[in-house]
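Per chain, numbering begins at 1; letters A, B, ... match sequence-line order. None of these values were measured; they are calculated from a predicted model.
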Amino acid sequence: MREMKKDTFPVEEAIPSVMQALGHRGTGVLVAEPGAGKTTRVPLACIQEEWLGEKKILLLVPRRVAAKSAAHFMAAQRGEQVGDTVGYRIRLEQKISDRTRVEVVTTGVMLRMMQQDPTLDQYGLVIFDEFHERTLDGDLALGLIWDVRQVLREDLRILVMSATIAAEAVSELLGGAPVIRSLGRTYPVDRKYVPGPGTCDKELLDLIGQQIDQAYRTHTGDILVFLPGMKELKYVQQQLNVRYPLELGEGVLRCYLLHSSLSIEEQSLALKRCAAGTRKIVLATSIAETSVTIDGIQVVIDSGWVRKPQFSPRTGLSQLITTRISKAAADQRAGRAGRQGAGLCYRLWNEEMHHALNAYDEPEIRHADLISFTLELAWWGLQDASGLSLLDQPSSSAMIQARELLHLLGATDDQGKITEHGKDLAALGIHPRLSHMLLSALSRGWNVHEACDVAVVLQHQSHFSGGSYMTLHEIIKAFQDGPDERTYSQFRAESLRLQQQLTIKGLYEQEYEQKKSQISYDYGMLAAMAFPDRVAKNRGDGTFLLRSGRGAALARTDRLQHAPFLVAIQVEMGKTTSSIRLAEEVKEKQLLDMFEQQITSVCRVRWDEEKGKITGRLQQHLGAMVLSDTPVPLDQLSSERIVEAVYEYVTTGGIEQLSWNKKSRQLQQRIQFMHAHDPRWPDVSDEGLLKRGREWWEVQLDGLTNLQQLKQINVWELLQSTLDWEQSRRLETEAPVDFEVPSGSRIRIDYSDPDQPVMAVKLQELFGLSQTPTLGSHRIPVTLHLLSPAMRPVQITRDLKSFWEQTYFEVRKDLKGKYPKHPWPDHPMEAQATRRTKAAMEKSKDGLLKRK
DNA sequence: CTCTCCCT
């Protein structure tokens, strides 16, 4: 009987190659599609192998149910009880004996086991099942075990079992491990595309309703419908109630929902095969893709959408998004119709859309919260994952976020190394936030029983919040006064187990029993211990500012609306603001006490733009939150801080506030002209001045407290002070304010373009000057803008001599008629320069003669 | 306004 059953597994043919790979190379990758029998046949086949000796086999599976069912299956094949040759170990539950050679464990349990026994000495082979699911734990476990094999345990064999997708990459990761392929054993599923709208909305759901109806009338088997979430499940269920009132009433048709928030009893109704003469329609989320198997399904109707969280490392929060599924997920869903016979799958999208789908889901390591992962690495002495063999490295921003939080929890020191406290957190096997909360509560002598309840409730938040917003206090009450003994029995067991663990580790001593009566329990403080990064201050309008600087509003208005401070336990990110779904009030005094080390007192001295003067405030900060804020009188502020504040004001856009005038702007440009041709001269452009640095500015701004005083700063002197004595002397000759032309006028030079200083002057005032005036040590000719007597530009030149010799005569032709009263001599280089008319010149000549 | 799934 046993022999016959064995032969029916397709994987049998591949087993000799697997044994050869493990025997010779010590590693292997077994690729087998569903139904091959790999999970149950391969471990049993390895037991007799010589290389295993007396050592045991570890079979790692991603889920608890998978561990139990695999162990039962294997035990049955050997005609034994679970716990004999084959046993399992999952959270809160184990069936293992001295005789056990194959231990089926969830990956999470195995990571705990490795903390006790890092080299896994009792085991000779580790098998990874369903590795293609690429769970965070699975990736980490393979990385660590490969490392152990490389460094300490050459004899530790590794077999990775996976669907096709990850095989080649895993083989490469394991140094070229042989890849063995086995056929699967599933029935054909005919895939039909039924184009729907491009969004997941009512239109799509109505179309799905019609598709269900069509399948119900044209086929005989049960129908499984994949939808993204509870909202959609209920909508379609309502449609079915309207469409099949009679059938549902008589019980010949049943409609079940499959969602993780439903109780185990409710879920198992959907999984069972129906009685003869009865059919079922199961409306499910992605839970039905892998976690459960449903009997009797012949038709799958796939919406093509999935709802999942998107973690943002920047905020440390996540957001639920509804997206298209991957091709791999679509095949997985279709496959659910082919487990017991030929099936049919309707896909609510077209073939073109299908090609546009992602091939696979992104592995968890690329988008998950990495806090536990990073603590685990720290336990192994690793600062990050770069030293580990991983198919995908985690994103660095998520690693940074995780490291920051671990440091905040005291799990790591300033160098990122794990602390003793961190080791205690890692050993407890719950989220580091929650283990920190427990240990902090215990160190304060609080009631351990209560704290463990809070930890368990927070661990399973979604089971309690049930959509409607509640405070932590309300949830704990709901848990403790639960409807009946059974409903929360699993969670009660977890709470008890935590208490035992704490006692065993000696982390918790019974002394609280004596203090119990004196300690008033405080959920706000507990929440703040677990979520120190999520304390928030009321902005006064019922919205809150998180310590991280992010704003958030209560998802439902209630008494917390008026709480000055709270801890946002569960926050969902929205597009503009975040909404707080679960919170608890915390008192300011408690924050001051708990976060004493992290609160920074800042004396904020700043330039108050409105008042036009320096003001000082003493603020206590916790991250972006201001806990207290009191004014400090000016005379109590140190002069340094005052200068600092003025400096900050001036250097952040206030340089315009200085009393600039024409003269100082020109001085600035003159120095810039020198600087442009010789970088040894200072850069005194607005930007250049700002770059002069704090020390220099502090000297200039010393003693200032208000706008009037700022306006009194002599900018001209400030600019001069950037020059040494030699430079100020040279500035006067090489970049003078003005130039005395032959007529006696002093003409201002425009330095606004340092490459081309300009002097605009009436042509007649330059008679007798044959060379263009030059500036700077490089003798750069001034650009002359020659003007008509009416001050209109006539010519631009940098070569006065050639102007007199040539262009002058052309210009004269045009202008002589227009300005006959002004001199237009034949020999301009010898003529008398003047700013006047000919008549005025005569007069003044007369005057001169008379005086003589 | 209305929460996917899994694990220590």
Side-chain angles (χ1 to χ4, degrees), chain A residues 60-67 89-94 105-116 130 133-141 200 226-235 258-262 267 284-292 303 305-311 317-323 325 329 332 361-364 367-369 371-373 375-376 379 425-435 438 455-456 459-470 490 494 497-498 501 553-558 570-574 577 579-582:
Chain A
L60 304 182
V61 296
R63 281 171 294 279
R64 310 176 74 219
V65 280
R89 227 191 265 261
I90 58 180
R91 175 175 44 120
L92 300 179
E93 211 178 317
Q94 67 171 50
V105 305
T106 45
T107 321
V109 166
M110 193 279 264
L111 289 170
R112 283 290 89 61
M113 286 165 62
M114 282 185 86
Q115 288 182 356
Q116 305 295 316
E130 312 276 14
E133 288 189 16
R134 298 295 311 281
T135 63
L136 184 55
D137 277 354
D139 277 5
L140 175 60
C200 184
F226 281 100
L227 296 162
M230 188 53 107
K231 191 170 60 178
E232 290 82 3
L233 296 184
K234 290 205 165 145
Y235 182 85
L258 209 45
H259 188 281
S260 72
S261 68
L262 301 174
Q267 289 189 36
T285 60
S286 52
I287 190 171
E289 257 173 51
T290 51
S291 306
V292 295
S303 67
W305 294 89
V306 63
R307 188 162 295 136
K308 58 184 177 185
Q310 188 172 267
F311 179 74
L317 303 175
S318 53
Q319 184 181 13
L320 272 179
I321 52 165
T322 309
T323 57
I325 58 172
Q332 186 70 31
D361 288 314
E362 190 180 53
E364 211 181 351
H367 62 245
D369 171 342
I371 293 161
S372 293
F373 175 84
L375 180 59
E376 201 81 31
W379 194 92
L425 298 190
L428 274 174
I430 49 178
H431 194 288
R433 288 182 184 276
L434 301 178
S435 41
L438 275 183
V456 170
Q459 184 98 333
H460 301 278
Q461 280 172 48
S462 52
H463 289 267
F464 296 94
S465 45
S468 68
Y469 169 79
M470 288 196 273
Q490 160 89 25
E494 281 185 43
R497 163 59 72 94
L498 274 176
Q501 272 181 285
L554 293 168
R556 264 181 48 173
T557 55
D558 67 0
Q570 198 176 34
V571 188
E572 195 186 313
M573 274 200 313
T577 54
S579 73
I580 301 170
R581 297 196 180 286
L582 180 63

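Atom-to-atom, CH2 of A:Trp305 to C1' of B:dC5 comes out at 19 Å; the value is rounded to the nearest Å. Atom CD1 of A:Ile580 and atom P of B:dC3 are 16 Å apart (whole Å). What separates CD1 of A:Ile430 from P of B:dC7 is a distance of 17 Å, to the nearest Å. What separates CZ of A:Arg64 from C1' of B:dC5 is a distance of 15 Å, to the nearest Å.
Every residue meeting the salt bridge (Lys or Arg N to Asp or Glu O under 4.0 Å) condition with A:Asp139, not counting sequence neighbours, appears here in chain and number order: A:Arg134.
When heavy atoms are screened at a 4.0 angstrom cut-off, A:Val109 is found touching the sugar-phosphate backbone but no base atom. Nucleic acid contact class of A:Glu133 (heavy atoms, under 4.0 Å, all strands): none. Residue-level contact check: A:Arg91 touches the backbone only, with heavy atoms under 4.0 Å from sugar-phosphate atoms and none from bases. Within 4.0 Å of A:Gly429, counting heavy atoms only, lies at least one base atom of the nucleic acid. Contact annotation for A:Ile90: backbone-only contact, meaning every heavy-atom pair under 4.0 Å involves sugar-phosphate atoms and none involves a base. A:His259 comes within contact range of the sugar-phosphate backbone alone, with a heavy-atom separation under 4.0 Å but no base atom that close.
Of all nucleotides listed (B:dC3, B:dT4, B:dC7), B:dT4 comes nearest to the side chain of A:Met230. Between B:dT2, B:dC5, B:dT4, one nucleotide has an atom nearer to the side chain of A:Pro309 than all others, and that is B:dT4.
The side-chain heavy atoms of A:Gln267 and A:Ile287, taken from C-beta on, include a pair separated by under 4.5 Å.
Looking at which nucleotide of DNA chain B each of A:Glu232 and A:Asp137 is closest to, the 5′-most match is held by A:Glu232.
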